[in-house]
Amino acid sequence: QVQLVESGGGLVQPGRSLRLSCAASGFALRYYAIGWFRQAPGKEREGVSCIRELGTTYYADSVKGRFTISRDNAKNTVYLQMNSLKAEDTAVYYCARNSGPLYRTNWHEAPLFESWGQGTQVTVSS
């Protein structure tokens, strides 16, 4: 059974860091691109970052320079290191694997992903 499970969320103060994990089971993560998305209350789901099979990475402008995506194929896990967190980063964070070709122009489009995890809540507040 294909499954992605997110973990690592929590409540942190502005300026602090969190590392999210996306653990895959039922398939070899090395053959897929993995995307991180987030959804805040009342807002649409938005693409945060993506890492392709060979390591190419993409980031939303809002997180560029603060977030870093990485993958450990041996552990079948993708990570999202989030530094200098801001209140506007508050959201439920989801990971998913790609279901179609991804490029610089479309990596942030949720319909191109499948097998979504259940999400992990990140709250940035003082």
Side-chain angles (χ1 to χ4, degrees):
Q1 181 182 358
V2 172
Q3 193 173 17
L4 292 168
V5 178
E6 304 93 339
S7 62
L11 171 64
V12 293
Q13 294 179 331
R16 303 300 291 267
S17 300
L18 278 176
R19 188 177 79 158
L20 305 184
S21 299
C22 172
S25 60
F27 71 100
L29 184 142
R30 68 177 68 245
Y31 298 118
Y32 290 86
I34 300 295
W36 280 100
F37 292 75
R38 66 186 180 188
Q39 188 165 18
K43 295 188 176 182
E44 292 187 358
R45 190 169 297 190
E46 64 170 346
V48 175
S49 183
C50 175
I51 185 165
R52 291 178 58 179
E53 297 91 318
L54 296 182
T56 300
T57 58
Y58 305 114
Y59 296 94
D61 287 344
S62 59
V63 306
K64 207 169 289 184
R66 299 188 297 122
F67 290 12
T68 302
I69 192 170
S70 62
R71 63 194 302 155
D72 186 334
N73 290 333
K75 294 183 178 179
N76 232 27
T77 301
V78 168
Y79 303 98
L80 185 68
Q81 177 68 41
M82 305 186 297
N83 298 330
S84 303
L85 283 161
K86 304 176 181 180
E88 49 264 44
D89 295 319
T90 295
V92 178
Y93 284 70
Y94 302 89
C95 64
R97 73 176 193 183
N98 72 303
S99 57
L102 298 179
Y103 308 100
R104 186 177 299 278
T105 54
N106 71 355
W107 68 267
H108 57 283
E109 297 177 4
L112 295 177
F113 290 81
E114 63 183 11
S115 303
W116 294 81
Q118 83 290 346
T120 185
Q121 175 72 48
V122 172
T123 303
V124 185
S125 175
S126 54

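FYI, side chains are in, hydrogens and waters are out, and symmetry mates aren't considered; it's all heavy atoms of this structure. None of these values were measured; they are calculated from a predicted model.
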When clusters are formed by joining ILVMFWY residues with side-chain heavy atoms under 4.5 Å apart, either directly or through shared neighbours, do [X] and [Y] land in the same one?
X     : Y      : value
Leu20 : Tyr79  : no
Phe67 : Ile34  : yes
Ile69 : Leu29  : yes
Met82 : Leu4   : yes
Val78 : Trp116 : no

What distance separates [X] [atom1] from [Y] [atom2], expressed to the nearest 0.5 Å?
X      : Y      : atom1 : atom2 : answer
Tyr32  : Asn98  : OH    : CG    : 8.0 Å
Arg19  : Asn83  : CZ    : CG    : 11.5 Å
Glu109 : Leu102 : CD    : CG    : 9.0 Å
Ile51  : Trp36  : CD1   : CH2   : 12.0 Å
Arg71  : Asn76  : CZ    : CG    : 9.0 Å

Which heavy-atom pair separates [X] from [Y] by the least distance, and what is that distance?
X      : Y     : result
Leu80  : Ser49 : CD1-CB, 4.1 Å
Thr77  : Ser21 : CG2-CB, 4.2 Å
Gln39  : Tyr94 : CB-CE1, 4.3 Å
Val124 : Thr90 : N-OG1, 2.9 Å
Trp107 : Tyr59 : CZ2-C, 3.5 Å
Ser84  : Arg66 : O-NH1, 2.9 Å

ask   = Taking atom CD of Glu88 as the centre, does the number of heavy atoms from other residues, nucleotides or ligands within less than 6.0 Å exceed 12?
value =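 More than 12 heavy atoms, drawn from other residues, nucleotides or ligands, come within 6.0 Å of this atom.
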Other residues, nucleotides, ligands: >12 heavy atoms within 6.0 Å of Lys64 NZ =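 Above 12, so yes.
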ask   = Does the cation-pi check pass for Arg45 over Phe37, that is, NZ or CZ under 6.0 Å from the six-membered ring centre and within 45° of its axis?
value =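 Judged by the rule (NZ or CZ under 6.0 Å from the ring centre, within 45° of its axis), Arg45 is not positioned above Phe37.
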query = Does the salt bridge (Lys or Arg N to Asp or Glu O under 4.0 Å) test come out yes or no for Asp89 and Lys86, once each step is laid out?
reply = CA-CA 5 Å; Asp89 295 319; Lys86 304 176 181 180; over 6 Å; no
request  = Check each of His108, Arg52, Arg104 against Tyr58 using the side chain to side chain donor-acceptor pair (under 3.5 Å) test, and report the only one that passes.
outcome  =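 Going through the options one by one, the only one that passes is Arg52.
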query = Would you say the side chain of Val122 lies within less than 4.5 Å of the side chain of Arg38, judging by non-hydrogen atoms?
reply =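 Sidechains of Val122 and Arg38: no contact.
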Side-chain donor or acceptor of [X] paired with backbone N/O of [Y] under 3.5 Å:
X      : Y      : result
Asn73  : Glu53  : no
Glu6   : Thr120 : no
Ser115 : Gln3   : no

